[in-house]
Asker: 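Just passing along the structure, written as structure tokens.
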2 protein chains.
Amino acid sequence: MIRVVLADDEDLIRGALAALLELEPDISVVAQASDGAAAVVAVGVHQPDIAVLDLEMPKVDGIAAAAEIGAGTAVVIVTRHARPGVLRRALAAGVRGFVPKTTPAARLAAILRDVHAGARYVDSEIAASALTEDACPLTARELEVLRHTRAGGSVLDIATAVHLAHGTVRNYLSSAMTKLDVTSRHDAARLAWEEGWI
Amino acid sequence: MIRVVLADDEDLIRGALAALLELEPDISVVAQASDGAAAVVAVGVHQPDIAVLDLEMPKVDGIAAAAEIGAGTAVVIVTRHARPGVLRRALAAGVRGFVPKTTPAARLAAILRDVHAGARYVDSEIAASALTEDACPLTARELEVLRHTRAGGSVLDIATAVHLAHGTVRNYLSSAMTKLDVTSRHDAARLAWEEGWI
DNA sequence: TCCCCGGCGTGACAAATGTCAGGACTACCA
DNA sequence: TGGTAGTCCTGACATTTGTCACGCCGGGGA
């Protein structure tokens with residue numbers, strides 16, 4: 001019997017996934033959680049074989065929760081937002097499975113069985129993208145100002161934080177925007193985040 | 001037996017919801033669709049009692065699909081994005097049920113039975129918000145320029161589209177931003193959209 | 001050695017953006 | 001009738017933002 005802890009902030013989805021998994025004779029959902037912090041606690045209490053975590057959760061997201069969960073429990077991340085960079089972050093956090101929500105529901109149980117048997121599972125589509133897709137085209141400085149941009153500050157705020165002239169900051173932002181083919185630094189910062197570069 | 005067509009663009013979620021509903025002895029999922037257009041077609045073919053549609057779908061969103069579905073099939077909208085304004089739009093499109101994804105999974109079947117029996121279902125939390133929450137604070141002109149802003153055009157584009165001076169457009173945007181307590185027109189447009197005002 | 005290339009850094013410039021004060025018009029109330 | 005409130009509309013102004021041309025420096029080739 002594979003014991004599973006399931007975490008997703010949307011009750012309806014979480015309950016539906018639980019129903020799906022409970023259909024399998026060899027899988028049992030022993031606890032559910034509605035955010036990352038509760039998931040970590042639940043894993044500590046129940047010591048399940050596998051923790052299935054939604055990536056997008058309040059308080060602590062799935063990857064952060066995965067980093068806090070010890071090696072005794074394999075973590076499988078489920079996400080609607082599957083980008084190569086996110087996959088890299090997830091793998092770096094020790095995640096054993098990475099399942100986009102575009103995966104057919106019928107396959108989830110098989111994935112959990114494979115992971116329980118010691119295998120890793122990574123969606124082949126995303127893995128291929130992660131390998132073929134050219135690496136991040138941005139320089140270290142450009143990434144740095146984009147990181148600060150995502151925090152919401154104005155150009156002047158960023159300039160003081162990075163100890164640069166505001167003109168320089170604008171230049172990096174402009175360069176990044178050109179490379180990413182967008183027209184505002186907010187778009188650039190969002191895109192870089194979605195790609196997992198910052 | 002309640003015959004249901006289920007539409008959601010995420011295979012995993014759609015499959016899980018199907019599993020959840022199939023657990024009920026009196027509910028049967030007769031077809032599934034992964035976008036709004038396909039959902040409309042599936043409803044035409046299968047003539048189900050109820051169509052359960054995710055709001056966020058490519059091509060045709062759930063509300064647009066609901067508007068195209070005739071009175072023979074009751075439409076229940078499921079959404080992660082439950083705001084009073086969205087609820088209003090949904091009801092205006094003739095939707096019979098409005099279920100946020102925060103609803104406990106165990107309640108979904110009961111809701112479908114109620115709807116099938118002729119009742120309407122609206123999440124009480126959102127309904128209360130829709131009644132208590134002050135109405136949209138923006139004027140017609142402000143909403144109009146925000147609509148155009150969301151399309152992505154610059155201030156000048158909007159001005160020509162609305163036949164106004166660019167200064168006037170900026171003024172409306174500024175006024176809207178003040179009322180909504182944000183610092184950029186894009187934020188204002190996004191917020192207004194999320195509230196269902198545009 | 002010289003030269004070129006790429007990243008780093010800066011300031012000047014132009015365009016876009018947001019804010020302000022105020023005029024014109026209508027609706028409503030005293 | 002006058003006054004008041006609200007919306008519509010405009011132009012002037014300051015700030016923010018994005019683009020450009022340029023200089024500096026270190027690492028390879030020719």
Side-chain angles (χ1 to χ4, degrees), chain A residues 84-85 88 132-198, chain B residues 84-85 88 132-198:
Chain A
R88 285 202 186 88
T132 64
E133 216 161 86
D134 6 49
C136 166
L138 305 174
T139 71
R141 283 303 210 189
E142 288 164 357
L143 290 173
E144 188 174 11
V145 295
L146 283 182
R147 248 187 300 275
H148 283 86
T149 294
R150 231 181 78 82
S154 73
V155 175
L156 205 57
D157 299 335
I158 302 173
T160 57
V162 194
H163 301 297
L164 285 178
H166 54 287
T168 308
V169 172
R170 282 202 300 273
N171 204 345
Y172 286 138
L173 290 172
S174 178
S175 166
M177 290 185 304
T178 305
K179 288 176 181 175
L180 300 181
D181 194 26
V182 296
T183 54
S184 89
R185 66 186 175 297
H186 294 102
D187 285 343
R190 188 163 37 74
L191 186 57
W193 171 256
E194 287 175 0
E195 294 288 347
W197 294 332
I198 58 178
Chain B
R88 286 202 186 86
T132 64
E133 216 161 85
D134 6 50
C136 168
L138 305 174
T139 71
R141 283 302 210 189
E142 289 164 356
L143 291 173
E144 188 173 9
V145 295
L146 285 181
R147 247 187 301 274
H148 284 85
T149 295
R150 230 180 79 83
S154 74
V155 175
L156 205 58
D157 298 337
I158 302 172
T160 57
V162 194
H163 301 298
L164 285 178
H166 54 287
T168 307
V169 172
R170 281 202 302 273
N171 205 346
Y172 286 138
L173 289 172
S174 177
S175 166
M177 290 185 307
T178 304
K179 289 177 181 175
L180 300 181
D181 193 29
V182 295
T183 54
S184 86
R185 68 190 175 298
H186 294 103
D187 285 342
R190 189 164 34 75
L191 186 58
W193 171 255
E194 287 175 0
E195 294 288 346
W197 294 333
I198 58 178

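On a predicted model such as this, the values are computed, not experimentally measured, just so you know. Numbers restart at 1 for each chain; the letters A, B, ... are given by sequence-line order, proteins then strands. Hydrogens, waters and symmetry mates play no part in the numbers below; they use all other heavy atoms, side chains included.
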Asker: Write down the distance between CZ (Arg141(B)) and P (dA24(C)), rounded to a whole number of angstrom.
Answerer: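 Interatomic distance, CZ of Arg141(B) to P of dA24(C): 19 Å.
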Asker: State plainly whether the residues Arg141(A) and Glu144(A) are in salt-bridge range, i.e. N to O under 4.0 Å.
Answerer: yes
Asker: Please determine whether a side-chain nitrogen or oxygen atom of Ser174(B) lies at a distance below 4.0 Å from atom OP1 or OP2 of dT19(C).
Answerer: yes
Asker: Please pick, from dC20(D), dG7(C), dG18(C), the nucleotide with the shortest atom-to-atom distance to any side-chain atom of Asn171(A).
Answerer: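 Given the options dC20(D), dG7(C), dG18(C), the side chain of Asn171(A) is closest to dC20(D).
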Asker: What integer distance in Å separates Ile158(A):CD1 from dT17(D):C1'?
Answerer: 11 Å
Asker: From dG11(D), dT10(C), dC9(D), pick the nucleotide closest to the side chain of Ala165(B)?
Answerer: dG11(D)
Asker: Can you name the closest pair of heavy atoms from Ser184(B) and Met177(B) and give their distance?
Answerer: C-SD, 3.3 Å
Asker: Just how far, in rounded Å, is P of dG7(C) from CG of Leu138(A)?
Answerer: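 Interatomic distance, CG of Leu138(A) to P of dG7(C): 11 Å.
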Asker: Between atom CG in Leu173(B) and atom P in dG18(C), what is the gap in whole Å?
Answerer: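 The distance from CG of Leu173(B) to P of dG18(C) comes to 7 Å, rounded to the nearest Å.
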Asker: Tell me whether the side-chain N/O atoms of Ser184(B) come closer than 4.0 Å to OP1 or OP2 in dG18(C).
Answerer: no
Asker: Take atom CG of Leu146(B) and atom P of dT17(C), then tell me their distance rounded to the nearest Å.
Answerer: 14 Å
Asker: Can you name the nearest heavy-atom pair linking Ala159(B) to Val169(B), along with the distance?
Answerer: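 In terms of heavy atoms, the two residues are closest at CA-CG2, 3.6 Å.
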Asker: Using atom CG of Leu156(B) as one end and atom P of dG11(D) as the other, report the distance to the nearest whole Å.
Answerer: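 Distance check: Leu156(B) CG to dG11(D) P gives 13 Å.
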Asker: Can you tell me the distance, in whole Å, between the CG atom of Leu180(A) and the C1' atom of dG18(D)?
Answerer: 15 Å
Asker: Consider the side chain of Thr168(A), meaning its heavy atoms from C-beta on, and name the nucleotide among dG18(C), dT17(C), dT10(C) that approaches it most closely.
Answerer: dT10(C)
Asker: To the nearest 0.5 Å, what is the distance between CG on Asp187(B) and OG1 on Thr149(B)?
Answerer: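 The OG1 atom of Thr149(B) is 11.5 Å from CG of Asp187(B), to the nearest 0.5 Å.
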Asker: Whole Å only: how far is the NE2 atom of His166(B) from the P atom of dA16(C)?
Answerer: 10 Å
Asker: Check whether the side chains of Ser174(B) and Asn171(B) place a donor and an acceptor atom closer than 3.5 Å, and report yes or no.
Answerer: no
Asker: Taking 4.0 Å as the cut-off, does a side-chain nitrogen or oxygen of Ser154(A) come that near to OP1 or OP2 on dT16(D)?
Answerer: no
Asker: Is the distance from OP1 or OP2 of dT19(D) to the nearest side-chain N or O of Arg170(A) less than 4.0 Å?
Answerer: no
